Amino acid sequence: MPGPTPLPEVMPGAEPFDFPGGDGPEGRTGVLLVHGFTGTPMSMRRWGEHLAAEGFAVRCPLLPGHGTRWQDCNTSTSDQWTATVEGAFDELAAVCDRVFVAGLSMGGTLATRLAEVRPDDVAGLLLVNPALLTQRLDAKLLPLLSRLTPSWAPIASDIKKPGVTELAYPKLPTRAMMQLRRLWAATRADLCRVTAPVIVFHSAEDHVVEPVNSTILLAGVGSTDTTEVLLEHSYHVATLDNDAPLIFSRSAEWIRSRVPAGEPGAPAADRR
């Protein structure tokens, strides 16, 4: 009898990562990072390393269908993506007192979706150019394109900083894109269920996800604590772009300021 089908080989650099929390109070606060559509944890690693250096526990899973071959993405589903994010969240929550969820692009969609279905569990959302829809004209043809061709023009490496390349697929998997559209629709419909604090970093110029996505998200969530940060020197993959240091430093400060005073992870002045 033939043996089990071998798992697809993960591209070097696309591996998931997990950094345990430090010995200080921040070690009891976790941050779950979620990469974008056709991307990999590579786009989140520098952010994760910064948060880990600040003492937080950090985890970033590899989403199903990603980090191998673009053809594999067409066999993955939005339910698999959401299940992977939820599973990684539970693993981090098992060793932390609270978990914040951070996402780039579709990772922002998945982070928001988790906060919708588990509003009492997510401590806060940190979103970079989150996606809820697209205004691209060719997107209107997607239902037809997905039946006619398995791939389309790529969306990766929209980065302003010279010499920086995102590790992502060289083609856009059209059938997986249909799954993403369904995820967008479900997430937009339930935005009011998000009650956790939210900070949104969005680029003034983004050639993949239009800035209106961040406007819709901030207007639709039920959160009373929302922050908007405009990124003036980056394109879509801002975690690898010129504004990455701003994202990294502001996110650590933002997380610390939203840990209740007197609890692990709160600023030292608040614990005196």
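Here the structure is a predicted model, which means the values were calculated and not measured.
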Check your understanding: Is Arg256 salt-bridged to Glu253, going by a charged N under 4.0 Å from an acidic O?
Key -> no
**Study point:** Nearest atoms (heavy-atom pairs only) where Leu240 meets Val164
**Key:** O-CG1, 3.5 Å
Exercise for review: Identify whether Val10 and Leu63 are in the same connected component of the hydrophobic contact network (ILVMFWY, side-chain heavy atoms under 4.5 Å).
Suggested key: no
Revision key, fill the gap. dist Glu166:CD -> Ser157:OG (nearest 0.5 Å) comes out at 5.0 Å
Exercise for review: State, with a plain yes or no, whether a side-chain heavy atom of Phe100 is found less than 4.5 Å away from one of Thr29.
Suggested key: yes
Exercise for review: Rounded to the nearest 0.5 Å, what's the gap from SG on Cys73 to CZ on Arg175? Could you check?
Suggested key: 12.5 Å
**Study point:** Spatial distance of atom CG (Leu110) from atom CG (Leu180) [nearest 0.5 Å]
**Key:** 8.0 Å
Check your understanding: About how many Å separate CG of Leu217 and CD of Glu228, when rounded to the nearest 0.5 Å?
Key -> 10.5 Å
Point to revise | Stepwise side chain to side chain contact (heavy atoms under 4.5 Å, CB included) check, Thr239 with Arg46 | key: CA-CA 8 Å; Thr239 54; Arg46 285 180 53 208; over 6 Å; no
Check your understanding: Hey, is CZ on Arg250 packed in by over 12 heavy atoms from elsewhere, all under 6.0 Å?
Key -> no
Exercise for review: Would you check if the side chain of Ser203 reaches a backbone N or O of Asp206 as a donor-acceptor pair within less than 3.5 Å?
Suggested key: no
Check your understanding: Taking the side chain from Glu26 and the backbone from Phe56, do they hold a donor-acceptor pair closer than 3.5 Å?
Key -> no
Point to revise | Contact check, side chains of Val101 and Val34, non-hydrogen atoms, under 4.5 Å | key: yes
Review point. In terms of side-chain geometry, is the basic nitrogen of Arg182 or Asp79 positioned less than 4.0 Å from the acidic oxygen of its partner?
Key: no
Exercise for review: Using a 4.5 Å cut-off on heavy atoms from C-beta on, say whether the side chain of Thr174 contacts that of Met178.
Suggested key: no
Distance-only criterion, 3.5 Å: show the donor-acceptor pairs between side-chain atoms of residues 14-25 and protein atoms not counting sequence neighbours.
residue	atom	partner	partner atom	Å
Glu15	OE1	Gly13	N	3.0
Glu15	OE2	Gly13	N	3.3
Asp18	OD2	Arg59	NH2	3.0

Check your understanding: Hey, mind stepping through Ile255 and Val31 against side chain to side chain contact (heavy atoms under 4.5 Å, CB included) and telling me if it holds?
Key -> CA-CA 9 Å; Ile255 291 169; Val31 185; 3.7 Å; yes
Practice item. Could you pull out the closest heavy-atom pair between Ala102 and Trp47, with the gap in Å? Key: CB-CH2, 3.6 Å
**Study point:** Pro130: which of Val209, Asn213, Val200, Ile216 passes side chain to side chain contact (heavy atoms under 4.5 Å, CB included)
**Key:** Val200
Study note, to complete from the structure: So CG of Leu51 and OG of Ser251: to nearest 0.5 Å the spacing works out to 4.5 Å
Study note, to complete from the structure: For Asp241 and Asp158, the nearest pair of non-hydrogen atoms, with its separation, is OD2-O, 4.4 Å
Practice item. Could you walk me through whether Leu114 and Thr82 pass side chain to side chain contact (heavy atoms under 4.5 Å, CB included), step by step? Key: CA-CA 8 Å; Leu114 181 63; Thr82 55; over 6 Å; no
Check your understanding: Cut-off 3.5 Å, side chains only: do Ser234 and Asn242 have a donor facing an acceptor?
Key -> no
Study note, to complete from the structure: Minimal heavy-atom distance between Leu167 and Met42, with the atoms involved, is N-SD, 3.5 Å
Exercise for review: Taking Asp243 for its side chain and Ala238 for its backbone only, find out whether a donor-acceptor pair lies under 3.5 Å.
Suggested key: no
Point to revise | Residues forming a side chain to side chain contact (heavy atoms under 4.5 Å, CB included) with Leu230, sequence neighbours excluded | key: His202, Ala204, Glu232
Review point. Under 3.5 Å, side chain of Thr109 to main-chain N/O of Leu132, donor-acceptor pair present?
Key: no
Practice item. Would you check if Ser223 and Val198 make a side-chain contact, meaning some heavy-atom pair closer than 4.5 Å? Key: yes
Check your understanding: Within the side chain of Glu54, is there an N or O that forms a donor-acceptor pair under 3.5 Å with the backbone of Ala252?
Key -> no
Revision key, fill the gap. Between Gln80 and Thr75, the two heavy atoms sitting closest are OE1-O, 4.1 Å
Check your understanding: Going by distance alone, is a donor N or O of one side chain under 3.5 Å from an acceptor N or O of the other, for Thr38 and Trp70?
Key -> no
Point to revise | Heavy-atom side-chain contact between Val58 and Leu33 under 4.5 Å | key: yes
Point to revise | Check ion pair Asp190-Arg113 (N to O, under 4.0 angstrom) | key: yes
Review point. Linking I/L/V/M/F/W/Y whenever any side-chain heavy atoms sit under 4.5 Å apart, do Trp184 and Leu172 land together?
Key: yes
Point to revise | Main-chain N/O of Asp121 paired with Arg98 side-chain donor or acceptor, under 3.5 Å | key: no
Review point. Ignoring hydrogens and geometry, is there a side-chain-to-backbone donor-acceptor pair from Thr195 to Gly222 under 3.5 Å?
Key: no
Exercise for review: Would you sort out whether Cys96 and Arg28 count as a side chain to side chain contact (heavy atoms under 4.5 Å, CB included), showing the intermediate values?
Suggested key: CA-CA 5 Å; Cys96 293; Arg28 298 300 300 174; 5.7 Å; no
Check your understanding: Does some side-chain heavy atom of Val128 sit less than 4.5 Å from a side-chain heavy atom of Ile247?
Key -> yes
Check your understanding: Less than 4.5 Å apart, any side-chain heavy atom of Leu125 and any of Pro197?
Key -> no
Practice item. Give a yes or no on whether the backbone of Pro64 and the side-chain of His66 come within a donor-acceptor separation of less than 3.5 Å. Key: yes
Practice item. Check whether the side chains of Thr40 and Tyr169 place a donor and an acceptor atom closer than 3.5 Å, and report yes or no. Key: no
Review point. Can you hop from Leu133 to Met106 via hydrophobic side chains spaced under 4.5 Å?
Key: yes
Point to revise | ring-ring contact (aromatic ring centres under 6.0 Å, His included) between His236 and His207, intermediate numbers included | key: CA-CA 7 Å; His236 182 61; His207 307 104; 9.7 Å; no
**Study point:** Non-hydrogen atoms of Leu92 and Ala57 that approach each other most closely
**Key:** CD1-CB, 4.1 Å
Review point. Between Val237 and Leu104, is any pair of side-chain heavy atoms under 4.5 Å apart?
Key: yes
Exercise for review: Output yes when Lys160 and Glu205 qualify as a salt bridge under the 4.0 Å nitrogen-oxygen rule, no when they do not.
Suggested key: no
**Study point:** Single-linkage hydrophobic cluster Leu231~Tyr235, side-chain heavy atoms < 4.5 angstrom
**Key:** no
Check your understanding: Distance from Arg118 atom CZ to Arg193 atom CZ, nearest 0.5 Å?
Key -> 12.5 Å
Review point. With hydrophobic residues grouped by side-chain heavy-atom distances under 4.5 Å, do Phe37 and Leu62 end up in a single group?
Key: no
